[in-house]
2 protein chains.
Amino acid sequence: MPERSKIPDPSLARLATVYRALLDSQRNGRKSLNSLDLQELTGIAATQIRKDLSHLGEMGKPGVGYDIGDLKRRIAERLNLSRRQKFAIIGAGRLGQALASYPGLVEFSFKLAALFDVDKKKIGKVVNGVAIQPAAEISKNLRRHRVRIAVLTVPASAAQGAAEAAVQGGARWILNFTPAHIAVPAGCVVRNVSFTNEFAVLAHFVEK
Amino acid sequence: MPERSKIPDPSLARLATVYRALLDSQRNGRKSLNSLDLQELTGIAATQIRKDLSHLGEMGKPGVGYDIGDLKRRIAERLNLSRRQKFAIIGAGRLGQALASYPGLVEFSFKLAALFDVDKKKIGKVVNGVAIQPAAEISKNLRRHRVRIAVLTVPASAAQGAAEAAVQGGARWILNFTPAHIAVPAGCVVRNVSFTNEFAVLAHFVEK
């Protein structure tokens, strides 16, 4: 589906932010919003929002704005948020456990399916309804539960091994929270999230 | 300093990734690297790395590559990593505590100076050498310790209040890990990190 990949990553991230604003607005009883309302709610410039939404095709009536239900459906459809997606977390340290309980993920249809750690003392502990399992069982369990998304929150030195076990279990989409660069077979997608990079980008703007 | 803002955010993030690879390589005893070595270490295309590094001015000799020490210094200088920068974390839940102990931050010269929470049971608990303090003291303590960078890891509903307390205490650079959009006075910079957005961008690539 070559058309799908045409939306650049920053637009996808902004569409996800807009999606969250729509969920909140709908909860507050609103039915429609225009791009200036969305600017107010998200901090993203109205012109940018209109540009991002243009990736979804024609929508919105001049002077009337966007129907929230319709816009929600179209973003969810395009971002694959319209059906439940299972994910596994490898590494049940503080970050892994924080992600396991992160409330926003449920609203985006992501469902924690498994949680792994090498630490024997952690095995069996329940986080957000899911018991921590031994890392040795990653491949077997991902395959059994048909989990295709794996989140890496292990130490950097364990990242490549964890990724390989996940891929062996059928995972194809990996969210890498470690600072390590991981190599995966063709057909797999890795998205790196680096806290230090986020700090570094911010620090660039700090006055000398 | 208008020249400083010319480097786009994605380049800054990639330069931070390159910086980490340089730290690792230096630890392993290497003295120089070329852009293909850096591609191997970071997963970023060599052509992209050369483009990002061009923001730092002339460097590297054809066929010889980059001197690691020199390149490290230049990136650190440009990203403001060459001097220690204090930061505070507001919200000492699992995510806040995970960030408080995140090992990579020290290597990037970021120093945890304070940690706050509203939960009385958490006050006084020591995380990474820093005792959790009551949220009521944010402004006073940030001012006393001259902390300019604040990290928000509170629930979304508490984000705006936490940001205002931080700004009142002199913070100007805010890393917002909550899904809430926060409004700050002119002169402040907010960088939003959204886990749900990271999942959503990844999910876009998941096969139907």
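In what follows, chains are A, B, ... by sequence order, proteins preceding strands, each numbered from 1. Below, each value reflects all heavy atoms present in this structure, side chains not excepted, and no hydrogens, waters or symmetry copies.
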* Asked: Among side-chain atoms of Q168(A) and E164(A), is any donor-acceptor pair under 3.5 angstrom?
  ->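 No, no side-chain donor-acceptor pair sits under 3.5 Å.
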* To do: Go through the side-chain N and O atoms of N192(B) and S194(B) and say whether any donor and acceptor fall under 3.5 Å apart.
  =>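 No, S194(B) and N192(B) have no side-chain donor paired with an acceptor closer than 3.5 Å.
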* Looking only at heavy atoms, which two atoms of H145(B) and K86(B) are closest? And how far apart? ->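 Reported closest heavy-atom pair: O-NZ, 2.7 Å.
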Please look at [X] and chain A and tell me whether the side chain, the backbone, both or neither of the residue comes under 4.5 angstrom of a heavy atom of that chain.
X: E198(B); value: both
X: F110(B); value: side chain
X: L202(B); value: both
X: E107(B); value: neither
X: F108(B); value: side chain
X: I182(B); value: neither

* Partner chain B: residue of T42(A), L95(A), L81(A) with the largest heavy-atom pair count (under 4.5 Å) ->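 Going by pairs under 4.5 Å, I would pick T42(A).
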* To do: For each of A13(A), P10(A), G96(A), tally heavy-atom pairs with chain B at distances under 4.5 Å, and name the one with the top tally.
  =>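 Of A13(A), P10(A), G96(A), A13(A) has the most heavy-atom pairs under 4.5 Å with chain B.
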* Does the Q85(B) side chain pair with the main chain of N80(B), one donor and one acceptor, at a distance under 3.5 Å? ->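 Yes.
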* Asked: Taking R172(B) for the side chain and G187(B) for the main chain, is one N or O donor matched with an acceptor at less than 3.5 Å?
  ->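 Absent.
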* Determine the option with the most heavy-atom pairs under 4.5 angstrom with chain A, choosing from I174(B), V190(B), I44(B). =>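 The answer is I174(B).
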* Asked: So which of P179(B), S11(B), S101(B) has the largest heavy-atom pair count under 4.5 angstrom toward chain A?
  ->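 If we count pairs closer than 4.5 Å to chain A, P179(B) comes out on top.
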Tell me, side chain or backbone of [X] under 4.5 Å from chain B's heavy atoms, or both, or neither?
X: V193(A); value: side chain
X: L41(A); value: backbone
X: L15(A); value: neither
X: Y102(A); value: side chain

* Select all residues of residues 17-37 of chain B having any heavy atom within less than 4.5 Å of some heavy atom of chain A, and report them by number, or 'none'. =>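 From residues 17-37 of chain B, the residues near chain A are T17(B), R20(B).
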* Show your working on side-chain contact (heavy atoms from CB on, under 4.5 Å) between V154(A) and F116(A) and close with a plain yes or no. => CA-CA 10 Å; V154(A) 292; F116(A) 301 95; over 6 Å; no
* **Lys/Arg N to Asp/Glu carboxylate O, R191(A) vs D9(A), below 4.0 Å** =>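 Salt bridge present between R191(A) and D9(A).
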Going by atom type alone, with no hydrogens or angles, which donor-acceptor pairs under 3.5 Å involve a side-chain atom of residues 120-130 of chain B and a protein atom two or more places apart or on another chain?
| unit_1 | atom_1 | unit_2 | atom_2 | d |
| --- | --- | --- | --- | --- |
| K122(B) | NZ | A92(B) | O | 3.4 |
| K125(B) | NZ | Q97(B) | OE1 | 3.1 |
| N128(B) | ND2 | A100(B) | O | 2.6 |

* To do: Output the distance between atom CZ (R73(A)) and atom CD1 (I75(A)), rounded to the nearest 0.5 Å.
  =>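 Going from the CZ atom of R73(A) to the CD1 atom of I75(A) covers 12.0 Å.
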